[in-house]
Amino acid sequence: MKTLILYTLKNISSPGSRQIQLWHFILELLQKEEYQGVIAWQGDYGEFVIKDPDEVARLWGIRKCKPHMNYDKLSRALRYYYNKRILHKTKGKRFTYKFNFSKVVLVNYPLLDMASSPFLLAQNHFNGEVFSFFIFV
DNA sequence: GGCGGAACCG
DNA sequence: CGGTTCCGCC
């Protein structure tokens with residue numbers, strides 16, 4: 001049985017909340033229609049294409065206060081996600097990566113019961129952030 | 001472009 | 001710990 005997990009989140013700007021992580025930021029852009037010319041879901045489930053690498057890097061640089069950010073550095077950070085099983089590369093497709101959603105949820109929300117209802121919508125607090133899960137089985 | 005080692009940083 | 005910076009290699 002194949003599971004698609006659409007995952008959204010909101011940061012709470014409260015004391016004690018962690019700094020934004022790159023894959024959070026990627027999902028944040030992916031969630032917003034106004035960035036579809038820059039980064040968008042494309043191809044298989046969880047697969048996305050960076051249509052404008054320079055712009056994504058610029059936006060990431062602004063968020064992290066790293067004015068010298070570029071795609072070369074950003075992509076190195078994405079490559080570190082391969083061993084963590086958060087992302088992997090879609091070989092042959094330029095600027096295309098794929099999320100391992102099950103791993104992403106498992107790693108960041110270990111209390112979630114994967115074997116529950118076919119459709120599940122949950123919003124919960126975890127480490128100072130609000131997570132919303134949409135799970136379609 | 002894409003990869004991964006290595007040094008480095010808050 | 002999660003990147004950032006830099007780089008040699010393919």
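FYI, side chains are in, hydrogens and waters are out, and symmetry mates aren't considered; it's all heavy atoms of this structure. All chains are named by letter (A, B, ...) in the order of the sequence lines, taking the proteins before the strands, and each is independently numbered beginning at 1.
Straight-line distance from the CG atom of A:Leu87 to the P atom of B:dC3: 11 Å, rounded to whole Å. Taking atom OH on A:Tyr80 and atom P on C:dT4, their separation rounds to 11 Å, with Å as the unit. Nucleotide B:dG4 holds its C1' atom 18 Å from the NE2 atom of A:His88, rounded to whole Å. For the pair A:Asp72 CG and C:dC7 P, the interatomic distance rounds to 10 Å; values are reported in whole Å. For the pair A:Asn83 CG and B:dG5 P, the computed distance is 8 Å after rounding to whole Å. Spacing between atom CD of A:Gln21 and atom C1' of C:dC1 amounts to 9 Å, rounded to whole angstrom units. Rounded to whole angstrom, the span from the CH2 atom of A:Trp23 across to the P atom of C:dG2 amounts to 11 Å. The distance from atom NZ of A:Lys64 to atom P of C:dG2 is 11 Å, rounded to the nearest whole Å.
Checked against the 6.0 Å centroid threshold, A:Phe99 and A:Tyr45 do not count as a close aromatic pair.
Phosphate proximity of B:dG10 to A:Gln19: absent, as no side-chain N or O sits under 4.0 Å from OP1 or OP2. In this structure, A:Lys89 reaches the B:dG2 phosphate: one of its side-chain N or O atoms is under 4.0 Å from OP1 or OP2. Using a 4.0 Å cut-off, no side-chain N or O of A:Trp60 falls inside it from OP1 or OP2 of C:dG3. Between B:dG4 and A:Tyr82, no contact under 4.0 Å exists linking OP1 or OP2 to a side-chain N or O. Close to B:dG2, at under 4.0 Å from its OP1 or OP2, lies a side-chain N or O of A:Tyr71.
Heavy atoms of A:Arg79 sit under 4.0 angstrom from at least one base atom. Here A:Tyr81 lies in heavy-atom contact (under 4.0 Å) with sugar-phosphate atoms only. Within 4.0 Å of A:Leu74, counting heavy atoms only, lies no atom of the nucleic acid at all. Residue-level contact check: A:Lys91 touches neither bases nor backbone, having no heavy atom under 4.0 Å from any strand.
A cation-pi contact, defined as under 6.0 Å to the ring centre and within 45° of the axis, is absent between A:Arg85 and A:Tyr81.
Looking at which nucleotide of DNA chain B each of A:Arg76 and A:Phe95 is closest to, the 5′-most match is held by A:Phe95. When the nearest nucleotides of DNA chain B are assigned to A:Pro53 and A:Lys66 by heavy-atom distance, the more 5′-ward of the two goes with A:Pro53.
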Next item on the list: Just do the side chain to side chain contact (heavy atoms under 4.5 Å, CB included) check on A:Tyr35 and A:Leu59 with the steps written out, would you?
Entry: CA-CA 11 Å; A:Tyr35 293 108; A:Leu59 261 22; 3.7 Å; yes

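Ring geometry for A:Tyr97 versus A:Tyr82: interplanar angle of 30 to 60°, hence tilted.
Between A:Arg63 and A:Glu28 there is a salt bridge, since at least one side-chain N of the basic residue sits less than 4.0 Å from a carboxylate O of the acidic one.
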